[in-house]
Amino acid sequence: VQLQASGGGSVQTGGSLRLSCAASGRTFSNYVMGWFRQAPGKEREFVAYISASGMTESYGNSAQGRFSISRDNAKNTVDLQMNRLKPEDTAVYYCAAGRTNGLSRSEYDYWGQGTLVTVSS
């Protein structure tokens, strides 16, 4: 699976951004899709995942209540709507595809190149 993330940019505290990830190469609807992020000097952390069918979602503590993940299996895309952004959300955001619902990086087989989100105070 090839993944291409987009939608990053700069926003002020309290603003919103919508990230998108386009997939190609294999049957998109067979894969769990996740979003991770990595801030400078920190480990890559789980943000959210959505099951292959779209029926199950899970969020990391930092995303709970502010972010929403969705997918369109007809268009081979997965989006991450981010609201009420904070400076601590500043990071490179990566989309990933895997075979099992998971919170760990090791559970994802394919990764996009990342898109930078910068939130200023």
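Here the shortest heavy-atom pairing between Ala23 and Phe28 reads CB-CD1, 3.3 Å. Here the closest non-hydrogen pair linking Arg84 and Arg66 is O-NH1, 2.9 Å. For the pair Glu107 and Leu103, the tightest heavy-atom approach, listed with the atom from each and the gap, is OE1-N, 3.3 Å. Minimum heavy-atom separation, Ala91 to Leu116: O-CD1, 3.6 Å. A pairwise comparison of heavy atoms in Ser121 and Pro87 identifies CB-CG, 4.0 Å as the closest pair. Looking at every heavy atom in both residues, Val32 comes nearest to Tyr108 through CG1-OH, 3.9 Å.
Side chains of Asp79 and Ser20: a donor-acceptor N/O pair is present below 3.5 angstrom, by distance only. Using a 3.5 Å distance cut-off with no hydrogens or angles, the side chains of Ser106 and Ser104 do pair a donor with an acceptor.
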Let me see the working for Phe67 and Val47 under side-chain contact (heavy atoms from CB on, under 4.5 Å), right down to the final yes or no.
-> CA-CA 9 Å; Phe67 295 2; Val47 175; 3.7 Å; yes
Would you please test Phe36 and Trp111 for ring-ring contact (aromatic ring centres under 6.0 Å, His included) and show each step?
CA-CA 10 Å; Phe36 288 75; Trp111 292 82; 5.1 Å; yes
Derivation and outcome, side chain to side chain donor-acceptor pair (under 3.5 Å), residues Asn101 and Ser51
CA-CA 6 Å; Asn101 293 346; Ser51 63; 5.1 Å; no
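Rounding to the nearest 0.5 Å places CD of Gln4 at 13.5 Å from OG1 of Thr77. The OH atom of Tyr94 lies 4.5 Å from the CZ atom of Arg44; values are rounded to the nearest 0.5 Å. Distance check, rounded to the nearest 0.5 Å: CD1 of Ile69 to OH of Tyr49 gives 10.0 Å. The OG1 atom of Thr27 sits 8.5 Å away from atom CG of Asn76, with the distance rounded to the nearest 0.5 Å. Here the CG atom belonging to Leu80 is positioned 8.5 Å from the OG atom belonging to Ser70, to the nearest 0.5 angstrom. Note that the OG atom of Ser10 and the CG atom of Leu85 stand 11.5 Å from one another [nearest 0.5 Å].
A distance-only check finds no donor-acceptor pair linking the side chain of Glu57 to the backbone of Ala48 [under 3.5 Å]. Proximity of a side-chain donor or acceptor of Arg18 to a complementary backbone N or O of Gln81 within less than 3.5 Å is not detected. Put simply, the side chain of Thr100 never gets that close to the backbone of Gly102: no donor and acceptor are under 3.5 Å apart. Checked by atom type and distance alone, the side chain of Thr115 pairs as donor or acceptor with a backbone atom of Gly8 at under 3.5 Å.
Cluster membership check: Val92 does not share its hydrophobic cluster with Leu3, using side-chain heavy-atom separations under 4.5 Å among Ile, Leu, Val, Met, Phe, Trp and Tyr.
Two residues are said to be in side-chain contact when any heavy atoms from C-beta on lie closer than 4.5 Å; Val117 and Met82 meet this criterion. Counting heavy atoms from C-beta outward, Phe46 and Trp35 have side chains that stay 4.5 Å or more apart. You'll find the side chain of Arg99 reaches within 4.5 Å of the side chain of Asn30, heavy atoms only. Put simply, the side chain of Ile50 reaches to within 4.5 Å of the side chain of Val78, judged on heavy atoms. Side-chain contact between Ser68 and Tyr59 is present, with heavy atoms from C-beta onward closer than 4.5 Å.
Applying the side chain to side chain donor-acceptor pair (under 3.5 Å) test between Ser62 and each of Lys86, Glu88, Arg37 identifies Arg37 as the sole match.
No more than 12 heavy atoms of other residues, nucleotides or ligands lie within 6.0 Å of CZ in Arg26, so this atom counts as exposed by the packing criterion. Residue Gln12 qualifies as open at atom CD: its count of foreign heavy atoms under 6.0 Å is 12 or below.
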